Structure formats: structure tokens, C-alpha cells
There are 2 protein chains.
Amino acid sequence: MALVFSSGSATSGPRSASKILNAARDVLSAQGYPALTIEAVAAAAGVGKTTIYRWWPSKEALVADALAEIFRADEIPDLGDTHAELRQAVDMTIDNYTNEDMATALPALAASLLPHPELMTRFRETFLHRKRENIAAALHRGIQRGDLPDDLDTDLVQDIWAGTILYRRLMTGSPLDTDLAEHLVQLTTKAPPLLPRRESPRTSR
Amino acid sequence: MALVFSSGSATSGPRSASKILNAARDVLSAQGYPALTIEAVAAAAGVGKTTIYRWWPSKEALVADALAEIFRADEIPDLGDTHAELRQAVDMTIDNYTNEDMATALPALAASLLPHPELMTRFRETFLHRKRENIAAALHRGIQRGDLPDDLDTDLVQDIWAGTILYRRLMTGSPLDTDLAEHLVQLTTKAPPLLPRRESPRTSR
DNA sequence: CCAGGATCGATACGATACGTATCGTTACGG
DNA sequence: CCGTAACGATACGTATCGTATCGATCCTGG
């Protein structure tokens with residue numbers, strides 16, 4: 001993974017990039033996003049803070065590169081089984097947000113980049129596009145197999161999947177378990193039940 | 001709306017609460033969440049920063065109260081029309097996140113409160129529970145009318161609705177338009193199409 | 001209507017992090 | 001093996017933090 005958010009102006013490149021990015025994730029885990037200061041990362045990495053300022057223009061850029069290294073955007077292999085492939089897609093998204101750092105830092109990052117269109121574009125390229133393309137490929141295979149409606153809105157499906165997972169992790173705190181994964185997959189299938197039902201009917205609050 | 005995040009230790013109460021909360025939202029709109037410092041709010045409100053520190057224990061608490069004042073958690077009236085009621089529920093959520101401040105500050109707030117369970121609980125009570133109860137009431141009316149499956153998972157429905165809306169606003173930047181609202185509502189109906197389709201078949205992406 | 005208590009604004013304080021500049025040292029590649 | 005860069009250390013001025021203090025002001029209840 002290249003340092004997409006690094007300045008990278010000079011001719012060679014940072015010698016201690018991975019040491020710094022590891023330290024950034026360590027600080028993130030131990031102290032949380034607000035306490036992640038450049039000076040703290042420098043201390044944790046055993047590095048002069050000058051070195052960090054040399055290569056990353058801001059705390060946001062540093063965090064983005066640190067997260068990009070552990071963000072999963074795998075290709076979904078053709079398993080000949082639409083359900084299994086979609087389940088793999090959902091599981092990958094759940095994996096990404098199960099990570100504590102990712103769950104807190106990604107939304108904080110997006111929120112602070114939102115007013116800066118150019119940085120936001122780079123953020124989307126790093127954390128959205130590749131993953132979405134790979135999942136879209138799996139969805140299209142499902143459509144061609146006749147397992148999914150041929151006018152399926154693949155973008156909306158992915159918004160629903162990732163949105164629900166992010167929302168549960170960030171806001172409600174509900175578990176990201178296999179039931180959720182299965183419900184989200186079943187949302188896309190042709191036949192009912194299209195909307196997930198509760199396992200055991202309860203009175204719901 | 002009471003100042004749920006204020007310390008409120010003394011006997012009387014802040015004389016200039018609304019002036020301060022208005023200023024906080026002004027700074028948020030003009031400068032963004034990271035630039036929202038206590039001193040900036042104090043200056044914008046024409047108030048000594050001591051006064052803010054007297055009543056709010058942190059920047060997060062101040063922002064939470066400022067957002068709580070404009071967060072919509074309306075009751076959904078019984079319209080005798082399930083579709084109309086659900087549409088109203090979705091529109092309310094879209095309204096909440098269409099607001100620029102809310103879209104950037106709420107996720108940032110949640111992310112910074114996530115490691116503090118007690119504050120996170122108060123956050124959820126303020127920004128989740130009341131709204132969810134009101135929407136759940138509408139969903140239950142729909143179930144009793146026979147318009148919705150009687151084992152509908154009302155919690156998951158709301159996670160999907162709010163999650164998709166938040167994700168679009170924060171991450172993808174896709175529009176929160178009437179098409180989206182309609183698709184989200186139709187997700188819950190019994191009869192196909194349960195998963196929203198694209199209007200005009202395109203090549204996807 | 002006035003007294004007393006609470007809130008207010010102003011100011012000062014040490015601490016921390018910012019981002020930049022400088023400078024001598026270290027490491028790596030041609 | 002030598003030169004070019006990346007490096008670490010250090011120092012600097014600025015900004016904000018959160019706290020303490022203190023006299024002025026509000027406003028409430030008696």
C-alpha cells in the first residue's frame with residue numbers, strides 16, 4: 001500500500017514509514033483518536049516529530065495511511081455460489097469495522113475531511129472504491145447466475161450493507177454477529193423473506 | 001430540551017445557555033468540528049470562557065447539548081396509512097442528517113464518546129432512544145394493520161434506515177433524495193419488490 | 001425594595017501540542 | 001566509498017487547554 005496521503009515530495013521516501021504507521025495505530029488503540037497527537041506518535045515510534053511532519057501534512061493524513069494499511073478490500077473469488085460470495089462480502093465489511101481503531105477513527109476521519117472536497121475524494125478512493133468494485137463484481141456474478149434481480153441497484157445494496165454495519169458499531173453498539181450478516185445477505189435475494197425477521201418474536205421494547 | 005450533558009452542579013443554572021449553544025452551532029457551521037474550541041465559542045457568544053467551563057465539562061458535552069436542541073425525534077402521528085407514516089419516519093431521519101452540522105458533528109461525537117461507556121449511554125439516550133421509540137410505534141401500527149410482517153425486526157429496520165442515510169451522508173456523498181426514502185420504506189413492505197431496484201437499468205457504477 | 005447569594009466577565013497561570021527552523025549525524029545507493 | 005538525503009535533537013513562538021481568582025452584575029425572595 002503506497003502512502004496515498006503522504007506528501008512524498010522528496011526524491012527517496014520515508015525510511016521509517018512502517019515504524020511510524022505502526023506507532024500511530026498503537027497510540028490510536030491505547031489513547032483514542034483525540035489523544036492521537038503527532039508528538040505522541042513520534043514518541044511511540046522513537047522518532048523525531050520532525051520526521052513525521054516531513055512526510056505527512058496533517059494528523060488526518062497520517063491516520064488515513066495508518067488505517068489504509070489494515071483496511072480490507074479483497075477480491076471476492078468466484079465460488080459458483082452466490083450466497084456464499086455475498087456472505088463473504090458482508091463478512092469482510094464486518095471485519096473492517098470490528099477492528100476497534102477502524103470503527104472509531106474512520107468516521108472521525110471522514111467527518112473531519114468532509115469539508116475538504118479534495119481530501120475527501122482521496123479518502124473515498126482509498127476506503128471505498130476498490131472494495132466496492134470487488135463486491136460489485138460478486139453481485140454481478142449473482143445477477144448473471146439468475147440468483148439476483150437483474151435490475152438490482154448494486155450501489156444501494158452496498159450502502160445498506162456498510163451503512164447498517166457502521167451504524168451498529170458507531171451508534172447503537174449492537175453486535176455484528178452472523179445473524180446480522182445473514183440478514184443483510186438475504187436482503188438482496190429474490191425470494192422472500194427479503195426483509196430480515198427476528199429469530200424469536202418478541203414484544204420489541 | 002434540558003442540558004443533559006451540562007454539569008449543572010450549582011443551584012441556579014446558566015443564564016446564557018441558549019446564547020452559548022447558538023454560538024457553538026455557528027462556530028461549527030463556519031469553522032468545522034476540529035476548529036470548534038471552547039475559546040472560539042466563548043468569543044462568538046460574547047462570553048467569558050470561564051462561564052462555559054463552569055457548565056460543560058468538555059467540548060464534547062457542549063456540542064452534544066448544542067446538537068440535541070436541533071435534533072428531531074418527532075412522534076409519528078397515526079395517519080391510518082402505513083406507507084405515509086413510514087415515509088415520514090424516514091424523512092425525519094434524512095432531515096436530521098441533511099443538516100451540515102449534524103452530519104459532521106454527530107459521527108465525530110459518537111467516535112470520541114465510544115471509549116467512554118457512561119457518556120456513550122447518555123449520547124444514545126439523547127440521540128437514539130426517543131426517536132427509535134417513536135418510529136417503532138409507527139412500525140407496530142403497520143404490523144397491526146397487517147401492512148407489515150408481524151415478526152418484523154423493528155430494531156434492524158431502523159438500523160438499516162439510519163445506517164444507510166448516515167453512510168451516504170458521511171462516506172459516499174450520494175444524495176439523500178426522495179428515491180432513497182421511497183426505497184428504504186419499501187424495504188419493509190411485505191410484497192415484492194423488497195429490495196429497491198434502479199429506476200433505469202444502467203451498467204452499474 | 002433591598003440584601004445576599006449565585007452567576008458573570010476578565011485576567012493570569014502553567015501545561016501541552018502545534019508547526020517551523022536549524023544543525024549536526026546517520027544510513028543507503030550508485 | 002562518497003555524497004545525498006533522510007534522520008533525531010533541540011529550540012522557538014503561538015494557540016488552546018483547564019484552573020484559579022476576583023470584583024461586577026444580575027435576580028430572587030423576603
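If you're wondering where the values come from, they're calculated on a predicted model, not measured in any experiment. Throughout, a chain's letter reflects where its sequence line sits, starting with A, and its residues are numbered from 1.
In summary, of the residues considered (Asp74(A), Asn96(A), Thr93(A)), a side chain to side chain donor-acceptor pair (under 3.5 Å) with Lys131(A) occurs for Thr93(A) alone. Under the ring pair (Phe, Tyr, Trp, His ring centres under 6.0 Å) test applied with Phe71(B), the options Tyr97(B), Phe123(B), Phe127(B) reduce to a single match, Phe127(B).
Side-chain to base pairing of Thr37(B) with dA15(D): no donor and acceptor N or O lie closer than 3.5 Å to each other. In terms of polar N and O atoms assigned as donor or acceptor, the side chain of Lys49(A) comes within less than 3.5 Å of the base of dG19(C) in a complementary pairing. Side chain Ser16(A) to base dA6(D): no donor-acceptor pair is found below 3.5 Å.
When rounded to the nearest whole Å, the span between CH2 of Trp56(B) and C1' of dT7(C) equals 13 Å. For Gln31(A) and dA17(C), the CD to C1' distance is 14 Å, given to the nearest whole Å. Rounded to whole angstrom, the span from the CG atom of Leu62(B) across to the P atom of dG18(D) amounts to 11 Å. In this structure, CD of Glu39(B) is placed 14 Å from C1' of dG9(C), rounded to the nearest angstrom. Protein atom CZ of Arg54(A) is 6 Å distant from nucleotide atom C1' of dA6(D), rounded to whole Å. Atoms CZ (Arg15(A)) and C1' (dG29(C)) sit 11 Å apart, rounded to a whole Å.
Side-chain polar atoms of Ser29(B) and Asp101(B) form a donor-acceptor pair below 3.5 angstrom.
When distances run from any side-chain atom of Thr50(A) to the nucleotides dT19(D), dT25(D), dA21(C), the shortest one goes to dA21(C).
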Going through the checks in order, is the side chain to side chain contact (heavy atoms under 4.5 Å, CB included) test met by Val63(A) and Phe5(A)?
-> CA-CA 9 Å; Val63(A) 174; Phe5(A) 288 88; over 6 Å; no
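Map Leu36(A) and Ala17(B) each onto its nearest nucleotide of DNA chain C; the residue landing nearer the 5' end is Ala17(B). Both Lys59(B) and Lys19(A) lie close to DNA chain D; mapped to their nearest nucleotides by heavy-atom distance, the more 5′-ward contact belongs to Lys19(A).
Here Trp55(A) reaches the OP1 or OP2 of dC7(D): one of its side-chain N or O atoms lies under 4.0 Å away. Not one side-chain nitrogen or oxygen of Thr51(A) sits closer than 4.0 Å to the OP1 or OP2 atom of dA6(D).
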